[in-house]
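Throughout, protein chains are lettered first and strands after them, A, B, ... in sequence-line order, and every chain is numbered starting at 1. Below, each value reflects all heavy atoms present in this structure, side chains not excepted, and no hydrogens, waters or symmetry copies.
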Amino acid sequence: MPRYNPAALEPKWQKFWEENRTFATPRLPEGEKMYVLDMFPYPSGNGLHVGHPEGYTATDIVCRYQRMRGRSVMHPMGWDAFGLPAEQHAKKTGTHPRITTEKNIATFRRQLKMLGFSYDWSREVATTDPDYFRWTQHIFLLLFDTWYDAEVQRGRPITELPIPKDVEAQGEAAIRRYQDDHRLAYQLEAPVNWCPALGTVLANEEVIGGVSERGGHPVLRLPMRQWMLRITAYADRLESDLERLDWSESIKSLQRNWIGRSTGAEVDFFIGPEPTVNGMPLAEQFEEWVVSRIENGYPRKPGDDVLRIYTTRPDTLFGATYMVIAPEHPFVERLAMPDLAHEVCAYCERAARKSDLDRTDLAKEKTGVFTGSYAVNPVNGRAVPIWVADYVLISYGTGAIMAVPAHDTRDFEFAKKFDLPIVPVVDPGQREGVDREAVLRGDSAYTEDGVAINSGRFSRLDTAEFKTAIADDLANKGMGRAAVNYRLRDWLFSRQHFWGEPFPILHELDAQGNPTGMTRALGPEDLPVDLPEMATFNVSHDRPEPPLEQAPETWLYVTLNGSRYKRETNTMPQWAGSCWYYLRFLDPRNGQALADPQTEKAWMPVDLYVGGAEHAVLHLLYARFWHKVLYDRGYVSTPEPFMKLVNQGMILGEMEFTGYRTKSGEMASASDVKESAEGGFLAKSSSQPVEAVKLLPDQVEKQGDAFVLKEDPSIRVDSRAYKMSKSRGNVVNPDEVVKDYGADSLRLYEMFMGPLEAVKPWSMEGVNGVRGFLDRVWRMIVDERAEEVRLNPAVTDVEPSEEQNRVLHRTIKAVTDDLNQMAFNTAIARMMEFTNYFLKEAPRPKGAMEKLVLLLSPYAPHLCEELWRVLGHSDTLAYEPWPAYDEAAIRESTVEIPVQVNGKLRAKIQVPADADQAALESTARGNERVAELLEGKKVLKTIVVPGRMVNFVVK
RNA sequence: GCGAGAGUGGCGGAAUUGGCAGACGCGCUGGACUUAGGAUCCAGUCCCGAAAGGGGUAGGAGUUCGAAUCUCCUCUCUCGCACCA
C-alpha cells in the first residue's frame, strides 16, 4: 500500500517548510556565511522551462549541503520582470503589462515552489516593484553624479571634477556642459535599431545580422537622442580584475574578447587648415605645423588641420600609402574636393542606408571613394590620398586609419581593387608558410612581426623595438602618442519602451515649451518615479517614439522652483534591474538605502553564482561595471560582486534521427544534404529540394561513425539533439514531469544527466530511470507491504558489518568529495551503488540508512524528509550535521593489484593493502600466470607502484 | 578568418589527473513472478573469437615501462566574435 508517492509527499513537505520558515535567513550571518545566487528569471508567459531548474537545483543542493555543514546560507529568488514581451502583449490585448507580469510571476513562483527549492521567499523582489526600481533609479542618479578620474582609476563625484580655466571663463552653462560631458551617464545622438514591422526599437543584442532576432524583420538605423553609460572608462579594470575571479577560463576569455583591449598609437596626419585647390596641403604650412608641434606638444583634441588615426602597428608608418575615413567621419565634407563631392556624398548616403549585415558581410568586395584630398605622412613628409570607405568604422578608434596594404589584409584588398601603391616595410624573413618574395614584391600582405625595411633610420629594427622607438619619436615631436583602444563601446542605456524604469531626469523647457538642452536630475527624495497610467499602449508604429510621449500631461510636465520641465520619456533597458539585484536581496525591504552597509559587508560578495552562458558577456559585464561604480562611491565593500561563477549547459530536446526525402519520395543521404538559403534543405548533387523526415530509432543503425537507414545502408541519417523550441515541438514542460515522476525525480535527473556545465540532450527514459532509483531507496527503508508507512523490517538497529561499514564510509567520502566539486552526476552514481548493495543486505543497519538519507537529502529533499520521519525523527533534516566519514573504515585489508607484462594486463594478485614494493614484486612473480610469462625471458625493468600496479618489462 | 571548448559502447556519461577503459543510468537480450506488464526481481550486454587470445577512447605520428589523459599534425562538432585598423 504505501508505495513511494511523490504527488502526496512533496506538497506535504513544501507546506511544512513554508509553515516552519525552515529556510528563512537571518539578517546577518550566524557563523560562516555563504551567498549562493541564481540568475533570476524573466517570468515569460510560457512558464518554467526544464532549463531553469538545472541551475536552480544545483544551487539548491549546494545550499542544503552547506546548511548541514553549519554555514549560514543566503539563497534568494526574484524576478527580472521588465521586458518587451509583456509590452507587446499589452499592445495586442490592451492588458496592462503589470497585470501580465504579475500573472506570469505567479506561475513561475508556483512552479519553483513545486520543485522544493530552499529559497528564503521572504526576500523575493521583482525589478518592476516601485520599491525596487526606486533604487535602480537611485543608482542611475549616482552614475549621473560620477565622473571617471583616469589618473587615480576611480569614479568620483562630479563636484570634484576639475574645471579647466578656459571653460570656467565661459560661464555657468559651459561648466555644466563640461560636467555633462564627463558624467558616467551622458546623452548622445546615436543610431537606434528601429524595426517598423515590430513597431519598436530593439537593443543591439536583439538584432542579429541586420534583422530582428524575433521574426527576422528588417531593422533600420535611425539617429536619436540616447542615454549612454560610460562603461569604457572601466574597461581596464573590468579586464584586469577578471584575474581575481574563480570563473571558467572560457567565460573570462569571452569577456576579454568583448572588451577587446588593444594597444598602439594615435598619430596626426597633417591635412592643412583649409582645403587647397589641388587637395594637397601646402608645404610651408606643413613645415610650420611641424615646428609648432615640437614646441607645443601633442594636443588632447585634434585640431581641424589634422586627421587623427589609431593604429596598432605604428612600426608600419612608412608603408602607409593612403588613408581611409569612415563615411560618418566629420571631415568627409571638407575633404571632398568640389569635382568629387557629389560622388563622395552619394557613397556616404549609400553606406548610411546599408544595414549592419550588408556592411559587415565578409564575402563582400571592398567599396570606397577618393575624396581628392591628401594628408602628409608625418614620418616622411609624403602626401597620401584620403579615401572614404565603409570598412572603416566611425565607432572604433578615431574613425580614420592609415592604410598599410603591404601589412594588413583589408588594406591590401582595397589597394588591389583601387590600384593603390603597396610598399612593404616589414621583412618577414624566411619562415614557414610565408612567401617572402611575394611580400617584398608587394604581391601579398604580411601581417605578422618581422624586421623593418624602407623605414628610414628605423630600418633593420625588429617590430617590437620599432614600436617603442617610434612611439617615443612621435611623442617627442608632438605628432602622436601611445594609445589604448577597446572593442567595447559605451552602453546604449535608453529604450523607447513603456515597460521599463523611467529615468529620474527632467528636461528644462523655455517659455515657449521647447527644451533648452539643459537637464536636471531629480533628488533621491523624489524617487521612485513611477510609470504613468496609460490609456493605450498601442502608440504610433511609424517612428521610434517612446510610448511615454503619450503619457498624461500631469505626469509628463513638472514645475519646480518656477521652471517648467518635461520628464525624460525613454526608459531603462532590461539589464538595469539585473545589474544590482544581488544587493537588494540582502536587505529587500529597506526604505532608507538600497542595502544596509553592515548587512552588505556581512554577506557580500556572492560566493557562488550560477546561470546560463547566454549571460556570459553582457549581464555579467554590466553588473560588474555598476558594482565597481558603487564600490568607488562607497556603496559596497568589494570590488567584484561574483567570486565563483558556474554556467550550466543548455538542455536540448530528445535525440532525433532525421532522414531526407526528395519530391519523388526517394531518400537522400544526409551527407548529400545542405541547408538552403531559405532555411529548407537541398540535395547537393541534384540541387533538388529535399524534406526532412523524423525517423524512429528502430529504422536506423550505426555504421562506422554515422547512422544509416536499416533498409538501405547507403543512406546516411542525421542524428542529433536540437535546442528546445516551440516550432520543433520538443519542449519538455516541468509540470508534466513533476506530475508523472515527481519533483525529486526531476531534480535528480537534471543532476544525473551529466556535468552541470555540459550541453546535454533530454531523455524521458532517463527520468524514469532515476525514478526507479528513488523507488528502490524507498523500498530499502520503508515496508511496502504494510498498510501504513513504517520501517522496513529488514532495517534494524544492528552494528554494520565491516563490509557494510566500508561501503557506507566510502559512499560518504565519494558523495562529499563530488559535492565539493559540484560533480553531482557522479555523487548520484555513488548513492546508486550504495542502494544496489544494501538492497541485497539483511538486516540493514538503521544507522547506515540514516546516513544515506542525509546524503541524498540535498538532491531529493521531499523523499528524504519523509524517510527521516520513518526512521524515527520528528524534526526537519535540513540542519542535521552532514555525515562524516572514517578513513580507517574505508581502508581494506587486502587489495587486488593488476600485474602487467610489457604493459599488458596479465594477472591480478591479492595483497595486503600496505604491501611494500618488494612484497608486491615477489607476490607478482609468484603468480602462476606471471611466472609462466616470465619463464626464459630477461626482465629488463620492474615498475612497482604500491597500491596501484606491477609491470615487468621483458625481452 | 580569429578566439574558446569538445570528440570514449546503441544513448547520457565515468575513469583518484599518466597506472585494471567503459563506474552509474538508459536501451537491448534472456529468464523468474504474472490474466497482463510501460510493475518488480535475477542474469548478460565495447568489438572479433568456440576458446586461448587479440583489438579498442575521432584519425595519424611521438614521448613513456605504461597514454582516453602529455606533445605535434589532420578531421569533425559546439559556442563566441566577426572589416575593431
What side-chain donor-acceptor pairs closer than 3.5 Å can you find for residues 749-767 of chain A, not counting sequence neighbours?
unit_1	atom_1	unit_2	atom_2	d
A:Y749	OH	A:S763	N	3.1
A:E750	OE1	A:E54	N	3.0
A:K760	NZ	A:E54	OE2	2.7
A:K760	NZ	A:P755	O	2.8
A:K760	NZ	A:L756	O	3.2
A:K760	NZ	A:A758	O	2.7
A:S763	OG	A:E765	N	3.4
A:S763	OG	A:G766	N	3.0

Let me have RNA chain B in dot-bracket notation, would you? Count Watson-Crick plus G-U wobble pairs, both distances under 3.5 Å, and use [ ] for pairs crossing earlier ones and | for inter-strand partners. (((((((..(((......[....)))((((((.......))))))(((....)))..(((((..]....))))))))))))....
OP1 or OP2 of B:A82 sitting under 4.0 Å from any side-chain N/O of A:N257? no
Under 4.0 angstrom, heavy atoms only, what part of the nucleic acid is A:G260 near: base, sugar-phosphate, or nothing? nothing
With respect to the phosphate group of B:U40, does any side-chain polar atom (N or O) of A:R3 fall under 4.0 Å of OP1 or OP2? no
Are OP1 or OP2 of B:C41 and a side-chain N or O of A:R779 less than 4.0 angstrom apart? yes
Check every strand shown and say whether A:Q900 touches a base, only sugar-phosphate, or nothing at a heavy-atom separation below 4.0 Å. base
When we call it a touch if two heavy atoms are under 4.0 Å apart, what does A:R261 touch: a base, just sugar-phosphate, or nothing? nothing
Can you tell me if A:R929 touches the phosphate of B:G53, counting only side-chain N or O atoms and a distance under 4.0 Å to OP1 or OP2? yes
Is there a side-chain polar atom (N or O) of A:R487 under 4.0 Å from OP1 or OP2 of B:C2? no
Distance test, side-chain N/O of A:R720 to OP1/OP2 of B:U78, below 4.0 Å: yes
Decide, yes or no, whether a salt bridge links A:E921 with A:R925 under the criterion of side-chain N to carboxylate O below 4.0 Å. yes
B:G13 phosphate, OP1 or OP2, under 4.0 Å from A:T826 side-chain N/O: no
Do A:V392 and A:H329 have side chains that approach each other closer than 4.5 Å (heavy atoms only, starting at C-beta)? no
Between A:S250 and A:D408, which has a closest nucleotide on RNA chain B that is more 5'? A:S250
Under 4.0 Å, heavy atoms only, any strand: does A:R489 hit a base, just the sugar-phosphate, or nothing? base
Close N/O contacts between protein and nucleotides 7-11 of chain B (under 3.5 Å):
unit_1	atom_1	unit_2	atom_2	d
B:C11	OP1	A:K702	NZ	3.0

Under 4.0 Å between any heavy atoms, over every strand shown, what does A:D817 touch: base, sugar-phosphate, or nothing? Just pick one. nothing
